[in-house]
Amino acid sequence: MLIFSVFKTLTDQTVTVELKNDLSITGVLKSVDQFLNIRLDNIKVADEGRHPHMMAVKNCFIRGSVVRYVQLPAEHVDTQLLEDATRRDAMNQVKR
Amino acid sequence: MDVSGTGIQEPFDLIRLSLSERVFVKLRGDRELSGILHAYDGHMNLIMSDVEETIMIVDTESAMAGQGVVNVAKRKMEMLFVRGDSVILVSPPSRT
Amino acid sequence: MSLQGYTDRRVLLVLQDGRAIVGVLVGFDQKSNIVLSDCKERVYSADEGVEEIPLGLYLVKGEMVCLIGEIDEAIDSSADLSTIRAEPIPPIRYG
């Protein structure tokens with residue numbers, strides 16, 4: 001749930017999702033779910049010339065399992081908070 | 001590294017020690033990352049900052065000539081989410 | 001789920017093998033299984049224009065879904081598919 005929570009704090013930020021087919025899509029993160037499926041608005045596909053397939057698409061749903069990376073806006077990520085939350089999460093995993 | 005006195009019981013305990021440190025990550029698809037680890041979860045999803053990605057590209061022409069030259073493409077990303085299903089290993093950076 | 005806003009709209013479904021299917025989203029579930037009506041596959045090629053193959057009513061297994069995009073009808077109808085030249089979308093590779 002940790003990563004899901006992080007993504008929820010980043011809604012309305014611009015991110016770039018790189019898929020496992022090497023397609024890169026930049027857009028505004030509108031929503032995310034427990035499977036880390038992603039909804040992006042106002043999308044721009046990298047290297048548009050090679051990918052006219054999505055010319056008429058302004059917003060999309062990306063299945064979590066096909067994501068390789070999501071580039072996040074560094075200024076909106078509190079790394080200290082992340083590390084503390086991760087340590088707490090890890091502690092809770094052990095106790096169970 | 002003698003881990004017996006450090007309370008490390010399972011692999012994720014070892015990763016926990018690397019939080020806020022630079023780590024080396026090997027991914028599927030001949031990719032490697034070096035970056036500072038800020039978060040991870042049980043799926044090996046990662047959040048890292050100051051990341052350099054290296055992609056190994058095999059030069060098929062020289063490979064067929066018996067020389068097997070590997071080219072690399074590098075890229076830097078400020079803040080990155082990495083989906084765990086691509087991760088092969090996470091380790092402290094190799095000491096040279 | 002995030003697909004709620006797309007029902008009864010025309011969408012572009014990109015499959016994990018790279019195929020591009022256009023149709024009206026009738027339904028979906030938590031596993032991303034999709035029902036598309038009146039759908040057509042758009043086959044892209046570097047040498048020829050886009051070929052559209054009518055498929056009808058399709059149920060697509062969630063595991064096969066890569067991406068679903070909402071189609072802007074104004075932009076899509078103004079595009080002349082016969083002039084588009086592009087390689088097919090590459091398949092998803094896990095390894």
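The chains referred to below are lettered A, B, ... by the order of the sequence lines, with proteins before strands, and numbering in each begins at 1.
Once rounded to the nearest 0.5 Å, the distance linking OG of B/Ser20 with CG of A/Asp84 reads 10.0 Å.
Interface remark: B/Leu27 contributes side-chain atoms only to the contact with chain A (heavy atom separation under 4.5 Å). Looking at A/Thr16, neither its backbone nor its side chain comes within 4.5 Å of chain B, counting heavy atoms on both sides. The contact between B/Leu33 and chain A is made entirely by side chain atoms (from C-beta outward), counting heavy-atom distances below 4.5 Å. Using a 4.5 Å cut-off between heavy atoms, A/Asp78 makes no contact with chain B at all. Proximity to chain B is limited to the side chain of A/Val6, based on heavy atoms less than 4.5 angstrom apart. Contact of A/Leu72 with chain B is made through backbone and side chain together, with heavy-atom distances under 4.5 Å. Heavy-atom distances place the side chain of A/Glu18, and not its backbone, under 4.5 Å from chain B.
Residues of residues 78-86 of chain B lying within less than 4.5 angstrom of chain A, judged on heavy atoms, are B/Glu78, B/Met79, B/Leu80, B/Phe81, B/Val82, B/Arg83, B/Asp85, B/Ser86 in numerical order. Within residues 35-55 of chain A, the residues having any heavy atom closer than 4.5 Å to a heavy atom of chain B are A/Phe35, A/Leu36, listed by residue number.
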Set out, in order, the CA-CA distance, both residues' side-chain angles and the distance that settles side-chain contact (heavy atoms from CB on, under 4.5 Å) for B/Arg31 and A/Tyr69, then state yes or no. CA-CA 12 Å; B/Arg31 286 162 198 262; A/Tyr69 304 135; 3.9 Å; yes
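Taking the side-chain hydrogen bond (donor to acceptor under 3.5 Å, both in side chains) definition, one finds that A/Thr79 meets it with nothing, sequence neighbours left out. For B/Glu21, there are no side-chain hydrogen bond (donor to acceptor under 3.5 Å, both in side chains) partners two or more places apart in sequence or in a different chain.
No salt bridge links A/Arg68 with B/Glu53; every basic N to acidic carboxylate O contact stays at or beyond 4.0 Å. Between A/Arg88 and B/Asp41, none of the side-chain N atoms (NZ, or NE/NH1/NH2) sits under 4.0 Å from a carboxylate O, so this pair counts as no salt bridge.
Other residues, nucleotides and ligands contribute at most 12 non-hydrogen atoms within 6.0 Å of the NE2 atom of B/His43.
Heavy-atom pairs under 4.5 Å with chain B peak, among A/Met1, A/Gln80, A/Gln71, at A/Gln71.
A side-chain contact (heavy atoms from CB on, under 4.5 Å) with B/Tyr40 is found for one member of A/Thr86, A/Asp89, A/Leu2 and no other, namely A/Thr86.
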